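To find a chain, count down the sequence lines: A is the first, B the second, and so on, and within it residues start at 1. Remember, predicted model here, so these are calculated numbers, not experimental data.
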Number of protein chains: 2
Amino acid sequence: MSRNDYLGAFEQIVLLALVRLRNNAYGVTIRREIAERAGRDVSIGAIYTTLERMERKGLVTSFRGEPTPERGGRGKRYYAIAAPGVAALNRSRDVIDRMWDGLGAPVEA
Amino acid sequence: MSRNDYLGAFEQIVLLALVRLRNNAYGVTIRREIAERAGRDVSIGAIYTTLERMERKGLVTSFRGEPTPERGGRGKRYYAIAAPGVAALNRSRDVIDRMWDGLGAPVEA
DNA sequence: GCTGATATCTTCTACATTGTAGTTTTGCTG
DNA sequence: CAGCAAAACTACAATGTAGAAGATATCAGC
């Protein structure tokens, strides 16, 4: 089975959000990034679940940050993409690129 | 819920195979196209199941072809992408493009 | 011209993985 | 302690995937 080889559509999006956010990727910012970039309003729960699964697979890592001196706030959990995650991301991109190759995007037929 | 709005990763691949194969898309050729293009060896059952679900959602249409005078051969079932499928495909591409925008592909971090 | 061997395809069934929302819990700080 | 910010938990729906079973042809050989 494709254990780790291929990413789901949403996994790709979340992973890309991590890359974009660099060292400021945690639940809330990830969600915002996806909303702004992809125009896709996803629940926070969806994000954490996906992140957790990817961590179990070794695609991302996480560490707990110090609580900031803002009003409320539990310590944030920061996420970062790991090497296997980068590889999987590139692979996925590659596959879809090859499938699109030659067809004008947007396609019309 | 995203009913019809967003495609799964595999759905995209299958849909793109349909576009490529034009009027010669049926189980076996679709499978071959995916193997050659995407380098991904997927079972024939996986393809039919996905196709059937997408048909139920109105993303593809199908019709049964005349049996050809080749050796064996049950009548083929040809598939074609429908307008909503085209739209969904373009939408998916758009989202992933926006997420990748600015990051060099392949990404390195 | 039957009949079985065999090729090409599709259907059916079952289960694993992903996608997604909503609710609850945990820790702050004023 | 009231209230905010963020994370963890729970549950279920949709997708991904394989493999076995069923259909329907053609071809040999008798």
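In this structure, the CD1 atom of A/I30 is 15 Å from the P atom of C/dG19, given to the nearest Å. Rounded to whole Å, the distance from CG on B/D41 to C1' on D/dG16 is 15 Å. Rounded to an integer number of Å, the gap from B/D5 CG to D/dA14 P is 13 Å. Following rounding to the nearest Å, B/L51 (CG) and C/dC9 (P) show an atom-to-atom distance of 15 Å. One can place CE of B/M54 at 16 Å from P of D/dA14, the figure rounded to the nearest angstrom. Between B/I47 atom CD1 and D/dT15 atom P the separation is 17 Å, expressed in whole Å. The separation between A/E55 atom CD and C/dT17 atom C1' is 18 Å, rounded to whole Å. The nearest whole Å value for the distance from the CZ atom in B/R56 to the C1' atom in D/dA13 is 13 Å.
Taken to the nearest 0.5 Å, the CG atom of B/L21 stands 11.5 Å off from the CD1 atom of B/I81. To the nearest 0.5 angstrom, B/R37 atom CZ is 8.5 Å from A/R98 atom CZ.
With hydrogens and angles ignored, the 3.5 Å screen pairs a side-chain donor or acceptor of A/R20 with a backbone N or O of B/M99.
Nearest to the side-chain atoms of A/R53 among the listed nucleotides C/dT13, C/dA21, C/dG19 stands C/dG19. Of the candidate nucleotides D/dA18, C/dT20, D/dA8, D/dA8 has the atom nearest to the side chain of A/Y79. Comparing D/dA6, D/dA11, C/dC9 by their closest approach to the side chain of B/K76 singles out C/dC9. Nearest nucleotide to the side chain of B/R64, out of C/dT11, D/dT17, C/dA21: C/dT11.
For A/Y26, a side-chain nitrogen or oxygen approaches OP1 or OP2 of D/dA6 to under 4.0 Å. At C/dT18, one or more side-chain N or O atoms of A/K57 fall inside 4.0 Å of OP1 or OP2 (strictly under the cut-off). Applying the 4.0 Å criterion to OP1 and OP2 of D/dA8, one finds that A/R77 has a side-chain N or O inside that range.
In terms of position on DNA chain D, the residue among A/V28 and B/T50 whose nearest nucleotide sits closer to the 5' end is A/V28. Annotation: of the two residues near DNA chain D, A/G45 and A/A9, the 5′-most nearest-nucleotide partner is A/G45. For the pair B/E52 and A/E11, nearest-nucleotide mapping onto DNA chain C gives the more 5' position to B/E52. Judged by closest nucleotide on DNA chain C, B/G27 is the one of A/F10 and B/G27 placed further toward the 5' end.
The side-chain contact (heavy atoms from CB on, under 4.5 Å) test with A/Y79 singles out one residue from A/V60, A/T29, A/T61, and that residue is A/V60.
Between A/I13 and A/V42 there is no side-chain heavy-atom pair separated by less than 4.5 Å.
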